[in-house]
S.K.: 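Supplied in structure tokens, the structure appears directly below.
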Amino acid sequence: MEVGLMQRQWVDYTKSLFLEDFLDSQFIELQKLQDEGNPDFIVEVVSLFFEDSERLLNDLTAAFDQPDVDFQKVDGHVHQLKGSSSSIGAQRVKNVCIAMRSFCEEQNIDGCLRCLQQLKQETCLVKNKLENLFRMEQQIVAAGGSIPSTELIF
């Protein structure tokens, strides 16, 4: 496939991630930190987020398996997930965390469990979307092209 076409597909795909609220402007800020000296910076940061989010989602699941739910502990896990999702610009994940923290405050188990399911789904979705984005970037570079600047998209 021709490099120019791959770059246009990358631009369209990246736009869709923002328009569908998978990502927010924090992801663009993260991209600005990547340079020739650290070309895998974003992939590394995002990989750490997914490792951390998997651990936190497992901790949350275990917390709701207890006979007496410790909402303070649950809120702490959700707070961590909210912070890490905000740092990479995973907007949908962050928004579910905000809703779940409200349910924790109310000690609403049903609301929390719905949010937990939604968190698992949104985390999986954004992981798949970002893996696809990174795969597209690898193909562009392998074909001799460069990744267009996200700032120019908007």
Side-chain angles (χ1 to χ4, degrees), residues 6-35 37-65 69-106 108-141 146-154:
M6 287 190 284
Q7 289 170 323
R8 284 189 296 280
Q9 287 175 337
W10 181 90
V11 166
D12 291 343
Y13 186 76
T14 302
K15 274 185 190 177
S16 74
L17 295 179
F18 287 91
L19 293 172
E20 295 171 22
D21 293 329
F22 283 105
L23 300 176
D24 63 21
S25 61
Q26 183 58 36
F27 189 78
I28 295 171
E29 295 303 314
L30 202 59
Q31 286 180 314
K32 290 178 186 176
L33 298 174
Q34 182 165 291
D35 58 21
N38 197 355
D40 297 325
F41 176 74
I42 294 173
V43 172
E44 290 170 8
V45 170
V46 168
S47 294
L48 288 173
F49 165 73
F50 288 119
E51 288 173 21
D52 193 40
S53 63
E54 184 176 341
R55 178 187 53 79
L56 289 167
L57 290 171
N58 288 335
D59 290 348
L60 285 166
T61 300
F64 285 106
D65 287 341
V69 176
D70 181 346
F71 283 98
Q72 194 170 0
K73 191 176 190 178
V74 168
D75 186 60
H77 293 317
V78 176
H79 181 71
Q80 277 186 287
L81 185 56
K82 178 181 166 257
S84 59
S85 62
S86 294
S87 71
I88 68 155
Q91 186 170 336
R92 286 187 184 187
V93 174
K94 178 188 74 176
N95 290 343
V96 178
C97 288
I98 292 168
M100 189 166 181
R101 291 194 74 199
S102 294
F103 287 125
C104 282
E105 197 174 295
E106 300 166 5
N108 180 334
I109 291 178
D110 291 336
C112 284
L113 288 172
R114 281 193 307 274
C115 283
L116 179 56
Q117 286 308 115
Q118 195 175 358
L119 275 175
K120 289 176 180 179
Q121 180 182 351
E122 291 298 340
T123 302
C124 183
L125 279 171
V126 76
K127 182 178 183 183
N128 291 336
K129 298 282 185 180
L130 287 172
E131 285 174 347
N132 194 38
L133 181 72
F134 298 150
R135 199 168 20 259
M136 291 170 84
E137 290 175 357
Q138 289 172 340
Q139 291 170 348
I140 291 169
V141 171
S146 61
I147 309 304
S149 171
T150 308
E151 291 180 296
L152 300 176
I153 295 174
F154 300 98

S.K.: Could you walk me through whether H77 and L81 pass side-chain contact (heavy atoms from CB on, under 4.5 Å), step by step?
M.R.: CA-CA 6 Å; H77 293 317; L81 185 56; over 6 Å; no

S.K.: Using side chain to side chain contact (heavy atoms under 4.5 Å, CB included) as the criterion, list what pairs up with S86, not counting sequence neighbours.
M.R.: K82, K94

S.K.: Atom CZ of F134 and atom CG of D40: how far apart are they, to the nearest 0.5 Å?
M.R.: 10.0 Å

S.K.: Roughly how far apart are F27 CZ and S87 OG, rounded to 0.5 Å?
M.R.: 11.5 Å

S.K.: Side chain to side chain donor-acceptor pair (under 3.5 Å) with D75: which residues, sequence neighbours excluded?
M.R.: R101

S.K.: Can you list everything that forms a side chain to side chain contact (heavy atoms under 4.5 Å, CB included) with V45? Sequence neighbours excluded, please.
M.R.: L30, F41, I88

S.K.: Hey, could you give me the SG/NZ distance between C104 and K73, rounded to the nearest 0.5 Å?
M.R.: 13.0 Å

S.K.: Please, which pairs that meet salt bridge (Lys or Arg N to Asp or Glu O under 4.0 Å) have at least one residue in residues 112-138, sequence neighbours excluded?
M.R.: R92-E122

S.K.: Do E29 and Q26 touch side chain to side chain, with heavy atoms closer than 4.5 Å?
M.R.: yes

S.K.: Out of curiosity, L23 CG to K15 NZ, how far, rounded to the nearest 0.5 Å?
M.R.: 15.0 Å

S.K.: Taking all non-hydrogen atoms of both residues into account, name the closest pair between C115 and V96 and its distance.
M.R.: O-CG1, 3.5 Å

S.K.: Run L116 and C112 through side-chain contact (heavy atoms from CB on, under 4.5 Å) and show every step you take.
M.R.: CA-CA 6 Å; L116 179 56; C112 284; over 6 Å; no

S.K.: If you measure from SG on C97 to CD on Q118, what distance do you get to the nearest 0.5 Å?
M.R.: 10.0 Å

S.K.: Which pair of heavy atoms, one from D24 and one from F18, lies closest together, and at what distance?
M.R.: O-CE2, 3.2 Å

S.K.: Nearest 0.5 Å, what's the CG-CG distance between D65 and L60?
M.R.: 11.0 Å

S.K.: Any side-chain heavy atom of I98 sitting closer than 4.5 Å to one from N95?
M.R.: yes

S.K.: Among all residues two or more places apart in sequence or in another chain, which pass the side chain to side chain contact (heavy atoms under 4.5 Å, CB included) test with S102?
M.R.: none

S.K.: Carefully, step by step, assess T14 and M136 under the rule side-chain contact (heavy atoms from CB on, under 4.5 Å).
M.R.: CA-CA 10 Å; T14 302; M136 291 170 84; over 6 Å; no

S.K.: Not counting sequence neighbours, which residues clear salt bridge (Lys or Arg N to Asp or Glu O under 4.0 Å) with R55? List them please.
M.R.: D52, D59

S.K.: Mind checking what makes side chain to side chain donor-acceptor pair (under 3.5 Å) contact with D21, not counting sequence neighbours?
M.R.: none

S.K.: Using side-chain heavy atoms (C-beta onward) and a distance below 4.5 Å, is L130 in contact with F22?
M.R.: no

S.K.: Show, in sequence, the C-alpha distance, side-chain angles and deciding distance for F103 and L113, and conclude whether the side-chain contact (heavy atoms from CB on, under 4.5 Å) test is met.
M.R.: CA-CA 9 Å; F103 287 125; L113 288 172; over 6 Å; no

S.K.: Not counting sequence neighbours, which residues clear side chain to side chain contact (heavy atoms under 4.5 Å, CB included) with Q7? List them please.
M.R.: V3, I140, S146, P148

S.K.: Per the salt bridge (Lys or Arg N to Asp or Glu O under 4.0 Å) rule, what does the pair list look like for residues 41-51, sequence neighbours excluded?
M.R.: none

